[in-house]
**Student:** 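Here it is: the structure, laid out below.
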Number of protein chains: 2
Amino acid sequence: MTSFTEENYLKIIYKLSTETESEISTNAVAELTQTKAASVTDMLRKLSDKQLVSYQKYQGVRLTSQGQAVALKVIRKHRLWEVFLVEKLGFNWDEVHDIAEQLEHIDSEELVQRLDEFLGFPQFDPHGDPIPDRHGKMPEFGYKNLSDIDPNQAVIMMGVAQHSVSFLQHLAKVGLNLGVDICVKEINDFDKSMTIKIGGEIDYFISNDVAKNILVKVY
Amino acid sequence: MTSFTEENYLKIIYKLSTETESEISTNAVAELTQTKAASVTDMLRKLSDKQLVSYQKYQGVRLTSQGQAVALKVIRKHRLWEVFLVEKLGFNWDEVHDIAEQLEHIDSEELVQRLDEFLGFPQFDPHGDPIPDRHGKMPEFGYKNLSDIDPNQAVIMMGVAQHSVSFLQHLAKVGLNLGVDICVKEINDFDKSMTIKIGGEIDYFISNDVAKNILVKVY
DNA sequence: AATAAATTTTAGACTAATCTAAAAATAAGT
DNA sequence: ACTTATTTTTAGATTAGTCTAAAATTTATT
Ligand SMILES: [Mn+2]
Ligand SMILES: [Mn+2]
Ligand SMILES: [Mn+2]
Ligand SMILES: [Mn+2]
């Protein structure tokens with residue numbers, strides 16, 4: 001029904017939709033799919049024919065509810081497989097994304113259901129991302145980006161908004177793991193970089209680029 | 001390096017090689033890949049360019065050692081995933097082949113290694129097929145086809161040579177599971193059908209078509 | 001409001017994998 | 001050995017996904 005490639009486009013359009021209210025631009029999709037704008041235009045017309053997105057020339061694209069359902073199923077599989085890789089096979093959280101990118105396209109409802117059960121119906125993946133339920137409902141927890149937290153506010157780290165190996169390894173080195181207590185000490189005005197206290201101990205300096213990609217829960 | 005499609009061709013050529021001494025014909029490959037002979041010819045030329053098979057027009061095809069190595073890696077993955085599906089997720093042996101057909105193409109040495117370890121380094125898949133080791137060495141056990149066993153010979157069922165759902169469900173219904181004792185009572189001359197005793201109890205009648213696909217160990 | 005810049009779409013071409021129909025080569029049957 | 005049948009290969013076309021270069025449209029700037 002939906003090809004490997006189509007699923008990747010839908011997943012990326014979904015991701016962009018969660019970051020923007022307005023229509024998604026062709027160029028934004030091209031950047032994440034690592035293709036050229038011309039290729040994206042072709043695919044959008046195809047997905048539109050299949051009723052998976054609503055799209056009009058030059059006006060950007062949105063997922064239809066059908067398209068969103070497909071995207072959420074793929075994301076559900078991606079995250080369940082990541083849990084499997086970390087919890088059962090002992091991978092580190094920075095090693096699982098690329099493998100899950102492949103596993104997420106395996107097509108078997110029964111397999112997903114049994115995998116979910118085998119893992120004990122986890123609510124979050126190893127990066128703190130929530131796992132959609134079997135009906136494609138994505139739980140909402142209202143986490144904020146660390147970059148939006150005010151000075152002297154204490155928070156708990158609940159997730160990351162990026163899965164690149166270099167980013168995750170950087171966090172691990174600094175001691176920024178899921179569940180740690182963070183307190184914002186000072187925010188530099190000109191570049192939004194910040195000094196934070198991790199677990200009540202050391203002071204660390206982190207760039208805004210890092211802070212934007214850390215998800216936290218306010219006490 | 002090798003595509004999904006190329007891997008399927010190599011796997012099928014490997015399978016045919018174990019059944020025949022001579023070169024593999026274009027038509028034989030076409031039948032198993034569910035494609036036309038013309039498509040096979042194209043692919044054989046491509047695989048030959050990649051040094052994965054040795055092939056000359058009209059003379060049939062053989063795997064090179066490189067090609068065999070690729071095929072055995074795919075088969076190793078297929079069988080390990082089948083063990084996972086049955087042992088860890090609770091699938092029946094007749095439900096796992098199609099899912100393993102997809103999983104066998106997931107590309108990650110590290111994943112295969114860890115999966116193997118997680119499963120306790122199994123030697124056989126749920127159908128009794130041996131699992132090649134990480135170096136691509138296929139263990140040999142010298143099992144025979146039940147169809148080649150003489151009357152009054154007692155044997156143990158060790159595997160099946162076919163994975164179709166209908167065949168496996170038929171076996172399960174009759175009580176032919178891995179490990180059962182079988183004694184050949186009588187072989188009908190004209191159609192090679194046979195009467196067998198299963199587990200020392202009941203007499204069963206099975207066709208030569210079934211007997212050919214049951215692998216047994218002689219006491 | 002007119003012009004320049006950026007974005008997006010079209011046109012035309014390429015690769016991988018497939019097909020059908022026709023041609024070539026091999027194998028079989030007299 | 002000659003003819004026929006079967007198998008295999010070539011020729012030409014198709015579909016999915018991609019690209020570059022050029023044209024069209026939208027957005028930004030004077
Ligand atoms: Mn991921
Ligand atoms: Mn994740
Ligand atoms: Mn199988
Ligand atoms: Mn098997």
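Order of the sequence lines fixes the chain letters, A, B, ..., with proteins taken first and strands second; residue numbering starts at 1 for each chain.
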**Student:** Between A:Leu44 and A:Ile13, does a side-chain contact (heavy atoms from CB on, under 4.5 Å) hold up when you go through it step by step?
**Tutor:** CA-CA 10 Å; A:Leu44 294 185; A:Ile13 297 167; 4.0 Å; yes
**Student:** Hey, which of these two, B:Ala38 or B:Met43, hits DNA chain C nearer its 5' end, going by closest nucleotide?
**Tutor:**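 On the 5' side of the pair lies B:Met43.
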**Student:** Distances for protein N/O vs nucleotides 24-27 of chain C N/O pairs under 3.5 angstrom?
**Tutor:**
unit_1, atom_1, unit_2, atom_2, d
C:dA25, O4', B:Tyr58, OH, 3.3

**Student:** To the nearest 0.5 Å, what is the distance between CD on A:Glu23 and OG on A:Ser17?
**Tutor:**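 The distance works out to 9.5 Å.
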**Student:** Does atom NZ of A:Lys11 have more than 12 heavy-atom neighbours, drawn from other residues, nucleotides or ligands, at distances under 6.0 Å?
**Tutor:**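 Yes, because the 6.0 Å sphere around NZ of A:Lys11 holds more than 12 heavy atoms from other groups.
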**Student:** Mind calculating the distance between CG (B:Asp42) and C1' (D:dT14) to the nearest angstrom?
**Tutor:**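 Rounding to the nearest Å, CG of B:Asp42 and C1' of D:dT14 are 13 Å apart.
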**Student:** How close or far is atom C1' of D:dT18 from atom CG of A:Asn8, stated in whole angstroms?
**Tutor:**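 Value for this atom pair: 14 Å.
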**Student:** To the nearest Å, give me how far apart NZ (A:Lys50) and P (D:dA16) are.
**Tutor:**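 Value for this atom pair: 8 Å.
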**Student:** Over 60° means perpendicular and under 30° means parallel, so tell me whether A:His163 and A:His78 are parallel, tilted or perpendicular.
**Tutor:**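 A:His163 and A:His78: parallel rings.
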**Student:** Ignoring hydrogens and angles, tell me if any N or O in the side chain of A:Lys88 forms a donor-acceptor pair with the backbone of B:Leu115 under 3.5 Å.
**Tutor:**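 Pair absent, no side-chain N/O of A:Lys88 close to backbone of B:Leu115.
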**Student:** Rounded to the Å, how far apart are B:Gln56 CD and D:dT10 P?
**Tutor:**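 It works out to 13 Å between those atoms.
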**Student:** Please report, rounded to the nearest Å, how far the C1' atom of C:dT8 is from the CG atom of A:Leu44.
**Tutor:**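 Atom CG in A:Leu44 sits about 10 Å away from atom C1' in C:dT8.
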**Student:** Think B:Tyr9 has a side-chain N or O under 4.0 angstrom from the OP1 or OP2 of C:dT18?
**Tutor:**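 Yes.
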**Student:** Using a cut-off of strictly less than 4.0 Å, decide whether B:Tyr55 has a side-chain nitrogen or oxygen near OP1 or OP2 of D:dT8.
**Tutor:**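 No, B:Tyr55 has no side-chain N/O under 4.0 Å of OP1/OP2 on D:dT8.
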**Student:** Determine the sole option in B:Glu109, B:Glu7, B:His135 for which the side-chain hydrogen bond (donor to acceptor under 3.5 Å, both in side chains) test with B:Lys73 is passed.
**Tutor:**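 The single option meeting the side-chain hydrogen bond (donor to acceptor under 3.5 Å, both in side chains) with B:Lys73 is B:Glu109.
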**Student:** Distance check needed: D:dT15 P versus A:Arg45 CZ, whole Å only.
**Tutor:**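 Atom CZ in A:Arg45 sits about 14 Å away from atom P in D:dT15.
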**Student:** By a strict heavy-atom criterion of less than 4.0 Å, which residues belonging to residues 14-33 of chain A are in contact with DNA chain C?
**Tutor:**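 Of all residues in residues 14-33 of chain A, the ones placing a heavy atom under 4.0 Å from DNA chain C are A:Ser25, A:Thr26, A:Asn27.
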**Student:** Can you measure A:Lys36 atom NZ to C:dA11 atom P for me and round it to whole angstrom units?
**Tutor:**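 Nearest whole value for this atom pair: 21 Å.
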**Student:** Using 30° and 60° as the class boundaries, would you call the ring planes of B:Phe118 and A:Phe84 parallel, tilted or perpendicular?
**Tutor:**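 Plane angle over 60°, so perpendicular.
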**Student:** Taking only side-chain N and O atoms of B:Ser39, does any of them lie within less than 4.0 angstrom of OP1 or OP2 on C:dC19?
**Tutor:**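 The answer is yes; a side-chain N or O of B:Ser39 sits under 4.0 Å from OP1 or OP2.
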**Student:** Please identify each residue that fulfils salt bridge (Lys or Arg N to Asp or Glu O under 4.0 Å) with A:Arg45, with sequence neighbours left out.
**Tutor:**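 Result, salt bridge (Lys or Arg N to Asp or Glu O under 4.0 Å) vs A:Arg45: none returned.
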**Student:** Looking at every heavy atom in both A:Trp93 and A:Leu168, which two are closest together, and how far apart are they?
**Tutor:**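 Minimum heavy-atom contact is O-CD1, 3.4 Å.
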